[in-house]
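Quick notes on the structure that follows.
Proteins come first, then strands; the chains are lettered A, B, ... in the order of their sequence lines, and each starts at number 1.
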Amino acid sequence: MTTAQTHVERRHTPWYKSLRRILTTTHHTEIGMLYFAFSYIFLIVGGLFALWMRWELATPEGNVVDANFYNSLFTVHGTLMIFFWATPVFFGFANYMVPKMIGAPDLYYPKLNALSFWLLPVAAALLLIGWPNISWTGYAPLTVIQPDIGVDMWILSLHIVGTSSIIGSLNFIVTIWRLRRPGINFSNMPLFVWSIAVTAFIIILAVPVLAFGLTLLLLDRNFGTQFYIPEGGGDPILWQHLFWFFGHPEVYILVLPAMGIISEILPRLVKRPIYGYKAIAYSTVLIGVLGFGVWAHHMFTTGMSIKALAPFMLMTMAVAIPSGIKVINWEATLYGGKIRFNTPTLFTLSFIGTFIVGGITGVFHAGIPVDFHLQDTYFVVGHFHLILFGAISQAAFAATYYYFPHFTKRMYSETLGKVHFISANVGQYLLYIPMLALGLLGMPRRYYEYLPEFQGLHALATFGAILIGVGTIIFLLNLLISWKKGPAASPDPWDAAKNGMPDFMGEAMNEAEAQRHG
Amino acid sequence: MSAETNAHAAHEEHEEGSIWPAIVGLNTVALIAGLILLLKGIYTTVGLILVFYFIAVVVVFVAFEVRQWQHVISSFFERLQKTPIPAEPEKIGSVGFPTALFLLTEAAFFASAFGAYFLIRSTFPVWPPPGAPHLENFIPRIQTIILLTSSVTIELAVWSAKRGNNRGVLAGILATMVLGIVFMGLKLGIEWPRLIYELGFTPASGFYGSSFYILTGVHGAHVVGGIIVLAIAAGRAKLGHFKPKSHGFLDAVSLYWNFVDLIWLMLFLIIWEGAFLW
Amino acid sequence: MTRVRYVEWGTIIGAAILFAYIGIASWFTVSQFEAQAQEADITIEVRARQFAWEFIYPDGTRSAELRVKAGQTVKLELISEDVIHSLYIRDFGLKKDVVPGQVNVLTFTPMKPGEYVIQCAEFCGSGHSNMLAKLIVE
C-alpha cells in the first residue's frame, strides 16, 4: 500500500511537464517514454494518411485528392509507419526494459542513447516536409529523374534514421554484452533481450547497405553519376539489390522485437513458463541469419534467370520454418495455461492468430510462378499489412497494455481496451481479407484509380480501415485518460512475480540481493 | 522499495543528464538544410553557413565531452559499483568490442560498395570500358606507401601509450595525421584535378567514372573522419588522458585507422589497372 | 509434453517436404516458360513509356493494343524508354518488369479468344494507374 502511495507522490514533478527535463534526460526509462510518445504520434499521423487513401479508394475514380498527392500519401505512409512507428516503438520498449531485464543501471552509452532519439524528430520532419511521391521502395530510375526536392529530403531523412538506429543498436549490443548482472547469461536471458540483440545485429549489418544505396541515389540525382542509369553502364536493378538487401532484413528488424515481447508477456499472462525457451531463442538467431539470404524474392519479375532466383525461393521458404517453431512454442505455452481474458491476453492471442494468417499468405509469394501473378498486387499489400498491423502493431498494443501499469503506476480501462480489441480485429480482417482477394483478382497496388469491377471489395476495405481508426483513437484516449486519472495499479499488476516470473528479471534479482544484504 | 530505487536513480540521472544529445540531434536540421541548398546549388553561401554551423556545434560538443570524458567514465564506474555487475576498469574502459561492432557496420558498408561495383562490372564485356582513360597508378602507389607508413606510426603511438611515454603518443598521432593529410592532399590536390581537368574523367563519365569516384571518395571520407578522430586523440594526449593501463580511445582510433588502410589496399588492387601486377 | 515435440517436429518436417515440393514444381514451371521462348510463333516488341504501352509487330506496324491469335505462342520483348514498368496480364497470371537498359522476354500461349486487360504493375509515376492496354485474342 505504501508503495502505491509513493508512486502517486512522485507524480508531483512529472517529466512531461518540464521541457528542460525532456531535453536533458539521458535515463533509459525516460528515453523509452520519449520513443513511445514519438512513435504513437506518428502512428496517428500515418494512420490518418492511410484513412485518407482508403477514402480516396472507396470509389474507382479519383475524386478526393489528385494523383500526385495520392502517390505522396502512400509513400509517406509507408516510410512513416516503418521508420517512425514500428521501429521506434520497439526501441522504446527496449530502452525501458532491456536494462531492467538484465539488471543494468542504464544503457552503456546513455548520451548516445539520447542522441539516437533526438535524431528522429528531424528525420520525421524532413519526410513530412519533403512529401515525396516515389513509393517507399523508391525504385530507380524513377527516383533519379523525379525533379522534386522532396526526394532528396526523403533520402537524407532515411540517412538520419539509419544513423539513429545504428547508434541505438551499437548501444544495445554493448549493453547486453557488458552490463548483464551475474546470473543472467545466454541460457536464461529474457527472450525479449535475445530478440533485441539479434535485431541490433541485423540493423548494424543491413542499414549501412541502405545508406550506401541512398548515397548513390543522391549522387545520381545531383551530380550526374550513372549508377542507376543504363546509359552510362549503370543498372536500375542495382538499387533493388541494395534496397532489398536492407529491406528484407528490415522486416525482421520489425518482427523480431514483436515476437520477443510476445514471448515475454504470453507466459506471464497465462501463468505458465514459456515452453521451448531454447527453441525460441535459437529460432530468433536463425531468422536473423536466414533473413539476409532472401532479398531477391522481391525481384522475381525483374527478369533474373531461374537459376539465380531458385536459391532465394528456397531460403524464403526456409525462413518460414523458424517462424513456425516460435508459433508452435507459443501455442504449447498456451496449452494447459490459465488463459485470462484481459486486453493484453486478447491482443497476444490475436497476434499469434494474425501472424499465422499473415505468415502463410507470405509463403505463397515464395513460389516463383505464383509470385508472377501476385507480385505488386494488393495480395502483397494485404499480406504485409496483416504482419505489420495485425501482428507487429498488435504486439506493440498488447505490450503497451501489459506494461502500462509499470510505466504509469496506474491501470487502464479494461472495457475500452476490449472495445479496441474488437474494432482492431474485426477491422483488420475487413480491411486485409478484401485486399488479399483483390490481389488474387489482379488489382495492382499503388493505383490511384482502378477498374470499376473492384469497387465492392475496396469499399469493404475502407469500412474496415475506419473501424481500425476508431479503435486506435479509443486506445489512445484510454491510455491518455488512464495515465492521469486511472486507478492506482499494484507493483505486480499481472501476478507475474507471484508466479515466479517477475516482469523485469534483472531488477528483481538486484532487489532480492539488496534485501539479503540488508 | 522499487519506488525508492527508481526515484533515487531518477534523481541521480537528473544531475547526470545532458542537453547535448538534443542539441546535436535537433541541429542536424541545419546540416540537412545546408546540404540540400548546396546540392541544388541555390543560396550556396547560406548552405555553407548552415553546414559549418552544424560542424561548429559538433566541435563544441566534442570539446566539452573530451574534457568530461574521464569524469563520465569514473561516474559510470561508481554507478556500476552499486550494482552486482562486476566493474573491472579494463572491461569498462576497453573499447575493443564497441569498436569491432562499429567496424562491422563499416565493413557492411564497404561490402555493399564492393558488391555493387563487381555486380555492375560483371555486366561489362570489357573492363575498363572502351574509351575510358588509362588511370595512372603512380600516385596511388605513393599513397599506398604513405598509408602503410601511417599504420606503423599509429601503432607507435599505441606502443608509446603502453609504456607511458606521452610525448611518443603525441608524436605518433601527429605523424599519422600528417601522413593522412598528405594522402588526402595527393588525392584531392593532384590526382582528381588531373583526371577531371586534363583527362575529362568526371563522376558523370559513365559507370566507370562514377564507381571510381564513389569508391575512392568514400574511402577518402573515411580518411578525413580518421584525421578528425586523430585530432581528438591528439587533444586528449595533450591533456595526458592516455595511461599505460587505460588508453581505450587510442586503441579504437588505431583499429579504425588500420581498417581504413586495409580498405585502401583492396581498392588499390581492384581499381587501378595493372596495379596488382606491381 | 512429448506430444508438443511430436507436433513441432511433424510441422517442421511436413513444412520442409511441402516447401521442397513447391520449390521443385516452381523450378519446372519456370523452366518451361523459359523453354517456350525458344519456339515462339511471333515476336512482338513492347515499348513502355510514362504512361502508355506501344506494341510493334514484326511487319513494323505500331499499335496501342496487343492483338494475337489464339493458340499461337507469343514472345514479347519488353523495352522501357524511361523508368521501370511492369507488364501484367492478370487473366494469365503473368508479369514481367520492363527495365530500362535490358530486354526482358515474356512468353505466353493464349487459348481462349476474348479481350483481356494489360496493366502496369510497377509504380512509374503520377499516371501509373492509367497505364492500361487491351489484349485481344482472336
Flag the pair [X] / [Y] as yes when at least one side-chain heavy-atom distance between them is below 4.5 Å, and no otherwise.
X	Y	result
B:Phe97	A:Arg178	yes
A:Leu242	B:Ser112	yes
A:Leu219	B:Tyr213	no
A:Phe223	B:Leu39	yes
B:Ile19	A:Arg20	no
B:Trp20	A:Thr24	no
B:Ile32	A:Leu126	yes
B:Ile120	A:Phe227	no

Could you look at [X] and say if it's the side chain, the backbone, both or neither that has a heavy atom under 4.5 Å from chain B?
X	value
A:Met153	both
A:Leu216	side chain
A:Ile166	side chain
A:Ile160	side chain
A:Phe201	side chain
A:Ala104	both
A:Ile184	neither

(message) Donor-acceptor check, side chain of B:Ser210 to backbone of A:Gln226, threshold 3.5 angstrom: yes or no?
(response) yes

(request) Might you confirm whether atom OH of B:Tyr43 has over 12 heavy atoms from other residues, nucleotides or ligands at distances under 6.0 Å? (result) no

(request) For B:Phe124, look at atom CZ and say whether over 12 heavy atoms of other residues, nucleotides or ligands are found less than 6.0 Å away. (result) yes

Pairs of heavy atoms under 4.5 Å with chain A: top-ranked of [options]:
options	value
B:Gly41, B:Ala116, B:Gly25	B:Gly25
B:Ala108, B:Pro84, B:Ser205	B:Pro84
B:Leu31, B:Leu26, B:Val29	B:Leu26
B:Leu104, B:Val24, B:Leu119	B:Leu104

Between [atom1] on residue [X] and [atom2] on residue [Y], distance to nearest 0.5 Å:
X	Y	atom1	atom2	value
B:Thr105	A:Leu205	OG1	CG	8.5 Å
B:Lys40	A:Asn222	NZ	CG	4.0 Å
B:Tyr117	A:Leu238	OH	CG	13.5 Å

